[in-house]
Amino acid sequence: MSRIVKIGLVIFCVLAISGWGMWRYISVSYNGEPAWVYIPAGSDHEQVSDSLKSALGEKFGLKTALLWRLMKGEAEIAHGAYKVTSGDRAMTLARRLKNGAQTPVKVTFNNVRTIGQLAGKVTARLEMMPDEFIAAADSLTKANGFKHDEMSAAFLPDTYEFYWTASPVTVVGRLLDYRNRFWSDERRAKARKLGLTPVQVAIVASIAEEETNSAAERPVVARLYMNRIHRGMPLQADPTVKWAVGDFSLRRITRAHLAVESPYNTYKHAGLPPGPIRIPAAATLDAVLDAPEHDYLYMCASDDFSGRHKFTATFAEHQKNAMRYRAALNRRNIH
């Protein structure tokens with residue numbers, strides 16, 4: 001074998017071994033629990049590397065960071081959130097960082113009473129701060145015709161997908177669009193038939209949700225309040241008094257509570273309050289729109305504390321129900 005051939009074989013072996021080693025390096029896979037890598041705005045290359053190592057472990061994170069640097073990745077483009085699961089290759093993740101190919105995050109909210117609570121739940125999984133969300137919500141809802149007190153009617157509880165880096169305007173805009181698409185021509189026609197606007201439907205729905213945890217009772221409660229509205233009667237809804245007082249933990253409404261001056265105190269002010277007292281679910285909005293007709297005008301919590309209510313069309317019967325309920329409260333020493 002000639003010297004040239006021998007040298008060629010040596011070079012080939014060196015290259016083969018180097019190539020095999022490089023392939024092993026770049027094809028390494030993540031074998032841990034699912035994890036999220038967050039690259040905050042303003043990160044530099046070192047901070048990107050630190051984020052990778054912190055989320056994925058020193059070894060895999062460092063290899064990914066080196067591969068990303070070899071690809072001439074830019075920290076500004078890598079800014080975002082990336083989900084990594086077992087079996088994902090370092091090369092693939094490095095390429096995602098280079099291209100800014102984020103993983104959408106799921107944002108879920110329900111059982112929300114205030115815009116502040118909504119902001120907290122939405123931004124818990126996003127990069128923005130709650131005050132940024134509130135500012136965008138205030139601006140965009142006004143631009144869409146909502147008064148300040150009506151802001152809660154602009155949103156619907158559900159699960160949404162956003163990129164972690166989504167701007168407040170983008171997030172609020174998507175939420176508004178979802179709510180507007182819910183209010184189809186058919187639903188708007190139902191609301192008009194009831195003599196209500198979509199915002200007013202949301203107000204009635206919010207009271208019904210606060211009145212009862214029973215989905216079956218909510219259409220009945222909604223129709224009861226609409227009956228009172230159509231007869232020019234005050235709503236006298238206890239949940240609106242709790243809102244006015246600022247304490248939803250109240251178990252018993254007293255004369256002192258009823259005396260509180262607030263447009264939300266429906267014992268002192270006729271008609272609907274200025275806005276919803278929570279963000280009602282889509283199912284409750286439909287329960288209002290499809291509420292069956294009945295002649296009930298009064299409701300009282302059941303004295304068995306089941307969470308259910310007793311409904312009646314006459315004040316005399318309502319007084320009897322109320323007396324039984326107050327007696328039950330007294331027996332349990334609930335003030």
Point to revise | Test item: K268 and L258 side chains (from C-beta on) under 4.5 Å apart, heavy atoms | key: no
**Study point:** Check: E217/T212 side-chain N/O donor and acceptor closer than 3.5 Å
**Key:** yes
Practice item. Might you work through the side chain to side chain contact (heavy atoms under 4.5 Å, CB included) test for V220 and H294, ending with a clear yes or no? Key: CA-CA 8 Å; V220 182; H294 59 65; 3.7 Å; yes
Check your understanding: Any donor and acceptor pair, going by atom type alone, linking the side chain of D88 with main-chain N or O of V84 inside 3.5 Å?
Key -> no
Check your understanding: Taking C-beta and beyond as the side chain, do K310 and K320 meet within less than 4.5 Å on heavy atoms?
Key -> no
Practice item. Could you list the residues that satisfy ring pair (Phe, Tyr, Trp, His ring centres under 6.0 Å) with Y267, not counting sequence neighbours? Key: none
Revision key, fill the gap. Side chain to side chain donor-acceptor pair (under 3.5 Å) pairs touching residues 272-292, sequence neighbours excluded, are N111-R278, R187-D286, K190-D290, E209-R278, E209-T284, E210-R278
**Study point:** N31 CG to T85 OG1 distance, which is reported to the nearest 0.5 Å
**Key:** 11.5 Å
Review point. Under 3.5 Å, is there a donor-acceptor pair between the side chain of T123 and the main chain of L126?
Key: no
**Study point:** M71 atom CE, neighbour heavy-atom count above 12 within 6.0 Å
**Key:** yes
Exercise for review: Could you go through the side chain to side chain contact (heavy atoms under 4.5 Å, CB included) check for W164 and I39 one step at a time?
Suggested key: CA-CA 10 Å; W164 182 66; I39 311 297; 5.6 Å; no
Practice item. Decide yes or no on side chain to side chain contact (heavy atoms under 4.5 Å, CB included) for N110 and K121, but give the supporting numbers first. Key: CA-CA 9 Å; N110 51 48; K121 289 197 174 188; 4.2 Å; yes
Practice item. Using the rule that two of Ile, Leu, Val, Met, Phe, Trp, Tyr join whenever any of their side-chain heavy atoms come within less than 4.5 Å, decide whether V105 and L56 are in one cluster. Key: no
Point to revise | Residue pair P273 / L235: nearest heavy atoms and the distance that separates them | key: CD-CD1, 4.2 Å
Practice item. Kindly work out whether a path of hydrophobic side-chain contacts (I/L/V/M/F/W/Y, heavy atoms less than 4.5 Å apart) joins V204 to M233. Key: no
Check your understanding: When rounded to the nearest 0.5 angstrom, what distance separates CD in E317 from CG in L297?
Key -> 13.5 Å
**Study point:** Atom CG of D247: over 12 foreign heavy atoms under 6.0 Å
**Key:** yes
Check your understanding: N265 side chain to V260 main-chain N or O, any donor-acceptor pair under 3.5 Å?
Key -> yes
Check your understanding: Is there a donor-acceptor pair under 3.5 Å between the side chain of N99 and the backbone N or O of R95?
Key -> yes
**Study point:** Where V112 and L118 come nearest, the two heavy atoms and their spacing
**Key:** CG1-N, 3.5 Å
Check your understanding: About how many Å separate CE of M226 and CG of L272, when rounded to the nearest 0.5 Å?
Key -> 10.0 Å
Practice item. Flag the pair M128 / S167 as yes when at least one side-chain heavy-atom distance between them is below 4.5 Å, and no otherwise. Key: no
Check your understanding: Looking at G73 and K98, what are the two nearest heavy atoms and their distance?
Key -> CA-CG, 4.3 Å
Review point. What's the spacing between M323 CE and H318 NE2 if we round to 0.5 Å?
Key: 12.0 Å
Point to revise | Qualifying ring pair (Phe, Tyr, Trp, His ring centres under 6.0 Å) pairs with a residue from residues 190-248, counting only residues at least two apart or across chains | key: W243-Y264
Review point. Any side chain to side chain donor-acceptor pair (under 3.5 Å) pairs touching residues 32-60, not counting sequence neighbours?
Key: none
Point to revise | Heavy-atom donor-acceptor pair, K142 side chain to H148 backbone, under 3.5 Å | key: no
**Study point:** Atom pair CE/CD1 of M151 and I115 - distance to nearest 0.5 Å
**Key:** 5.5 Å
Check your understanding: Which residue pairs pass the side chain to side chain donor-acceptor pair (under 3.5 Å) test with at least one member in residues 66-82, sequence neighbours excluded?
Key -> H79-E127
**Study point:** Nearest heavy-atom neighbours spanning L67 and A94
**Key:** CB-CB, 3.9 Å
Check your understanding: Are L196 and F182 connected in the hydrophobic side-chain network, where two residues link if heavy atoms are under 4.5 Å apart?
Key -> yes
**Study point:** Beyond-backbone contact of K83 with P34, side-chain heavy atoms, under 4.5 angstrom
**Key:** yes
Point to revise | H257 side-chain N/O to T254 backbone N/O, donor-acceptor pair under 3.5 Å | key: yes
Practice item. Please examine the side chains of Y325 and S302, heavy atoms only from C-beta on, and report whether any two atoms are closer than 4.5 Å. Key: no
Review point. Taking the side chain as C-beta and beyond, is there a heavy-atom pair between S206 and I279 under 4.5 Å?
Key: no
**Study point:** Contacts of type side chain to side chain donor-acceptor pair (under 3.5 Å), residue R188, not counting sequence neighbours
**Key:** none
**Study point:** Any side-chain heavy-atom pair of V241 and L250 under 4.5 Å
**Key:** no
Check your understanding: For the residue pair L176 and F146, what are the closest heavy atoms and their distance?
Key -> CD2-CE1, 4.0 Å
Practice item. Quick one: which residue pairs count as a ring pair (Phe, Tyr, Trp, His ring centres under 6.0 Å) with a foot in residues 83-117, not counting sequence neighbours? Key: F109-Y160
Check your understanding: Same cluster for W183 and F155 if Ile/Leu/Val/Met/Phe/Trp/Tyr side chains link at under 4.5 Å?
Key -> yes
Review point. Would you find a donor on one side and an acceptor on the other, under 3.5 Å apart, between the side chain of R331 and the backbone of R326?
Key: no
Exercise for review: With sequence neighbours excluded, tell me which residues meet side chain to side chain donor-acceptor pair (under 3.5 Å) with Y178.
Suggested key: D158
**Study point:** Ring-ring centroid check Y298 F311, cutoff 6.0 Å
**Key:** no
Exercise for review: Could you list the residues that satisfy ring pair (Phe, Tyr, Trp, His ring centres under 6.0 Å) with Y30, not counting sequence neighbours?
Suggested key: F60
Point to revise | side chain to side chain donor-acceptor pair (under 3.5 Å) partners for E132, two or more places apart | key: none
Review point. According to a 4.5 Å side-chain heavy-atom criterion applied to Ile, Leu, Val, Met, Phe, Trp and Tyr, with indirect links allowed, do L194 and I229 form part of one hydrophobic cluster?
Key: yes
Check your understanding: Under 4.5 Å between any side-chain heavy atoms of Q102 and T165, yes or no?
Key -> yes
**Study point:** Partner set under side chain to side chain donor-acceptor pair (under 3.5 Å) for R324, not counting sequence neighbours
**Key:** N321
**Study point:** For A166 against V171, the heavy-atom pair lying closest together
**Key:** CB-CG2, 3.8 Å
Review point. Between N227 (side chain) and Y296 (backbone), is there a donor-acceptor pair under 3.5 Å?
Key: yes
Check your understanding: Do E211 side-chain atoms and A208 backbone N/O form a donor-acceptor pair below 3.5 Å?
Key -> no
Point to revise | Spatial distance of atom CE (M299) from atom CD (Q236) [nearest 0.5 Å] | key: 13.0 Å
Check your understanding: When you measure from the side chain of R125 to the backbone N and O of V107, does any donor-acceptor pair fall under 3.5 Å?
Key -> no
Review point. Given H309 and C300, is the side chain to side chain contact (heavy atoms under 4.5 Å, CB included) satisfied, shown in steps?
Key: CA-CA 5 Å; H309 293 79; C300 181; over 6 Å; no
Revision key, fill the gap. Contacts satisfying salt bridge (charged side-chain N to carboxylate O under 4.0 Å, His left out) that involve residues 226-242 (not counting sequence neighbours) are none
